[in-house]
Amino acid sequence: MSRREARKYERRACILEVARQSFFERGYAATTMSDIAATLGGSKGTLWSYFPSKQDLFSAVLEDATAKFKQELLEVLELHEDVHSTLARLCLQFVRKLSDPSAIQLHRLINGEGGRFPELGRIFFERLKAVKCLIADYLDQCVEEGSIRRVETSIAADHLMGLCMTGCHQKLLLNVIGLPTPEETAAEAAYAVDAFIRAYGRASVNSIDSSQMPDNLLLGKE
């Protein structure tokens, strides 16, 4: 990468970080391209040369966040040993992400302003769909190896994601609880896997609980 390309990449990353903070703190409606340009200390023309509209900028903020998450999930799925251990790691990563304060802020933003700005929901849905396709591809592999029943894997992926979103995530969105402990996060991931395997697994596949999670996952360590 040339110096010019490196500077352009760094500038883009800086714009995305300022935009992310502004969207989360002010909301989508109250965030303006002029305010972001002023915070960056440059002209609106420079900002527009990177992102021609606020919608494009918001889309890029989401893409930046989901690209990192997709890569994390891909690394988990590439370490496939058996369906239980792999889905346990996947769900743990998913529940951790859903419980992260930035993820909660993003979901509140979409839910709060999606009615006035339908494009927010569409942009968010497309990013979620990319994650779902990643999981569905892995489930296709599980079907072929016989570790889960032959089913419509895109629907099964929806169900798995839904199981990861029904506990702490919903309570955090409603501000009912504080951040879950590593043990609570691991238990919720284990319950999600257990329910999924009971619905889609072969009869020979046993259910699991959080006590079967590796210690390094329970403690949130690498």
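Numbering starts at 1 and runs along the sequence shown. Predicted, not measured: the structure shown is a model, and the values here were computed from it.
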Pairs touching residues 33-53 that satisfy ring pair (Phe, Tyr, Trp, His ring centres under 6.0 Å), sequence neighbours left out: none
Ring centers of F117, F58 separated by less than 6.0 Å: no
Pair R7, S2: side-chain N/O donor-acceptor within cut-off below 3.5 Å: no
Quiz: residues 165-174 side-chain donor-acceptor pairs under 3.5 angstrom, not counting sequence neighbours:
unit_1	atom_1	unit_2	atom_2	d
T166	OG1	L163	O	3.2
H169	ND1	L98	O	3.2
Q170	NE2	M165	O	3.3

Test salt bridge (charged side-chain N to carboxylate O under 4.0 Å, His left out) applied to K68 - qualifying residues, sequence neighbours left out: D64
Evaluation steps, side-chain contact (heavy atoms from CB on, under 4.5 Å), between D82 and S147: CA-CA 8 Å; D82 60 81; S147 53; over 6 Å; no
Heavy-atom check, side chain of D137 versus side chain of D140, under 4.5 Å: yes
side-chain hydrogen bond (donor to acceptor under 3.5 Å, both in side chains) partners for R116, two or more places apart: E113
Residue list, salt bridge (charged side-chain N to carboxylate O under 4.0 Å, His left out) with R4, at least two apart or on another chain: none
Those residues that, when tested against T39, pass side-chain hydrogen bond (donor to acceptor under 3.5 Å, both in side chains) (two or more places apart): none
Validation row: L139, Y200 side chains within 4.5 angstrom (heavy atoms): no
Beyond-backbone contact of K129 with F125, side-chain heavy atoms, under 4.5 angstrom: yes
Side-chain H-bond candidate by donor/acceptor type, S59 with D56, under 3.5 Å: no
Derivation of the side-chain contact (heavy atoms from CB on, under 4.5 Å) call for F124 and L106: CA-CA 9 Å; F124 188 53; L106 176 60; 3.9 Å; yes
side-chain contact (heavy atoms from CB on, under 4.5 Å) between I155 and H159, worked out: CA-CA 6 Å; I155 296 175; H159 290 168; 3.6 Å; yes
Side-chain heavy-atom pair R150, E144 within 4.5 angstrom cut-off: yes
